[in-house]
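Each residue takes its place number in the sequence, starting with 1.
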Amino acid sequence: MSVEKGCGQAGNEGQPGWDEADRLAALLRYGILDTPPEPEFDDITRVAALVCRAPMAVVNLVADTRQFFKSEVGLGVRQMPLDVSICARAILEPDILVVPDLAEDQRFNCNPLVTGTPNLRFYAGARLDTPEGLPLGTVCVLDYRPRPEGLTAEQREVLRALARQTMAHLELKRTIEARDLLARELSHRIKNVFSVVNGLASASARDSEARAFAAAFRQRIGALARAHDYVLPGSVSARNAGESTLKGMLEVLLRPYDADGTRVRITGDDLPLGQSAATTLALILHEHATNAIKYGALSTPEGRVHVDCRADGASFEITWEERGGPATSGPPAETGFGTMMVSSGIDSLGGTMTPEWAASGLRVTLSMPLRSLAG
């Protein structure tokens, strides 16, 4: 990045404590350039404009040849060339850059945005710093009038806080995108395994008895693949009109464990599920089904599972009850990743999980606010 000095060649800043190539690489990793406006960032510019009583506010990202405005109030454009950027100089400052009168500051008095339309006079910007200390841009406010008094102490602190909040949004977006990318890649690989196993089952069927077995086996593999789709974040392939409810999801998830349709019973109330809630519940119930196959009722031919769903005012309960399996004497001595995942999932729904380790079999009650299932 090359930033020209002002007309008077004022400003003898030293070299920044970071490498420009590293800074640009970090900016690209966030994948934020040229993305559409988003409410989270628009809220930040609105608050900045209100608190600083400024007609213009911007969430600005400084790229190699341009500055991109993720959000703006009062400016009316989404990007500008870097050679007229005031923010490009602001990222060289360790703290907020406040310029009371751009026309009187030799660093900016020849900038076309100052000498011509829109005749900017005041600027204040706080840096957007990555956790590694690389500046990506600023949250800034601008005015058409000079402000000899600059910003108040409270306005400075709000601008700093808004810059931190902007980076928190960027970090969250990057984390979610990385998680979803990994989930899609894992899904692709797992579905390839399903396809290979399905193909092997078909190729291995030599006589009528084997063909019948292979057909039933392929149905189970297909059901597992659909259940996998349901628990994948962002997936809609398994959620048609008949499966976008709680009981529809349970049918998809538990079908692989109930080949003859007699071992798993689903009763009670049904309700629509939001995608986030569906993913969380699917992971929780899939873990219970897996444990039932390994250690519980579904590990024996006589075992049965009953899943009952009941709405009770503002709450909703799902009861998982196992019968006919090995006797249970209490909770396992050690808890693994699956147990932690289930606990984290029910916490994210604002609910509770109550296990009962009876001799006749495990009974687990999941209770959660009804509103959390719409998310």
Determine the minimum heavy-atom distance between [X] and [Y], stating which atoms define it.
| X | Y | result |
| --- | --- | --- |
| Leu142 | Pro55 | O-CD, 3.3 Å |
| Cys87 | Tyr123 | SG-OH, 3.1 Å |
| Asp270 | Leu246 | OD1-N, 3.3 Å |
| Gly150 | Phe122 | CA-CE1, 4.0 Å |

Results of salt bridge (Lys or Arg N to Asp or Glu O under 4.0 Å) for [X] - residues two or more places apart only:
| X | value |
| --- | --- |
| Asp19 | none |
| Asp22 | none |
| Arg160 | Asp95, Glu157 |

From Thr290 atom OG1 to Tyr257 atom OH, the distance as rounded to the nearest 0.5 Å: 4.0 Å
Verdict with supporting geometry, Cys52 and Leu151, side chain to side chain contact (heavy atoms under 4.5 Å, CB included): CA-CA 7 Å; Cys52 296; Leu151 293 179; 4.2 Å; yes
Taking side-chain contact (heavy atoms from CB on, under 4.5 Å) as the definition, give me every residue that meets it alongside [X], ordered by chain and number, with sequence neighbours left out.
| X | answer |
| --- | --- |
| Arg363 | Thr319, Glu321, Glu356, Thr365 |
| Glu251 | Arg255, Ile266 |
| Thr262 | Asp260, Arg304 |
| Arg46 | Asp42, Asp43, Val73 |

Residue pairs fulfilling ring pair (Phe, Tyr, Trp, His ring centres under 6.0 Å) with at least one residue in residues 19-53, sequence neighbours excluded: Phe41-His169
Qualifying salt bridge (Lys or Arg N to Asp or Glu O under 4.0 Å) pairs, either residue in residues 51-61, two or more places apart: none
Chi angles and distances behind the side chain to side chain contact (heavy atoms under 4.5 Å, CB included) call for Asp105, Asp101: CA-CA 6 Å; Asp105 192 306; Asp101 191 343; over 6 Å; no
Test side chain to side chain donor-acceptor pair (under 3.5 Å) applied to Asp34 - qualifying residues, sequence neighbours left out: Arg66
Those residues that, when tested against Asp143, pass side chain to side chain donor-acceptor pair (under 3.5 Å) (two or more places apart): Arg147
Side chain proximity check, Leu82 to Asp64, heavy atoms < 4.5 angstrom: no
Heavy-atom check, side chain of Leu159 versus side chain of Val139, under 4.5 Å: yes
Option from Val307, Leu373, Asp308, Val364 for which side-chain contact (heavy atoms from CB on, under 4.5 Å) with Ile318 holds: Val307
Evaluation steps, side chain to side chain contact (heavy atoms under 4.5 Å, CB included), between Arg23 and Val62: CA-CA 10 Å; Arg23 191 191 72 79; Val62 178; 3.8 Å; yes
Check: Lys70 side chain, Pro36 main-chain N or O, donor-acceptor pair, under 3.5 Å: yes
Show the atom names and distances, to 0.1 Å, of all donor-acceptor pairs under 3.5 Å that link a side chain in residues 345-353 to residues at least two apart or in another chain.
from   : atom 1 : to     : atom 2 : distance (Å)
Ser348 : OG     : Gly345 : O      : 2.6

Glu40 and Lys173 ion-paired at < 4.0 Å: no
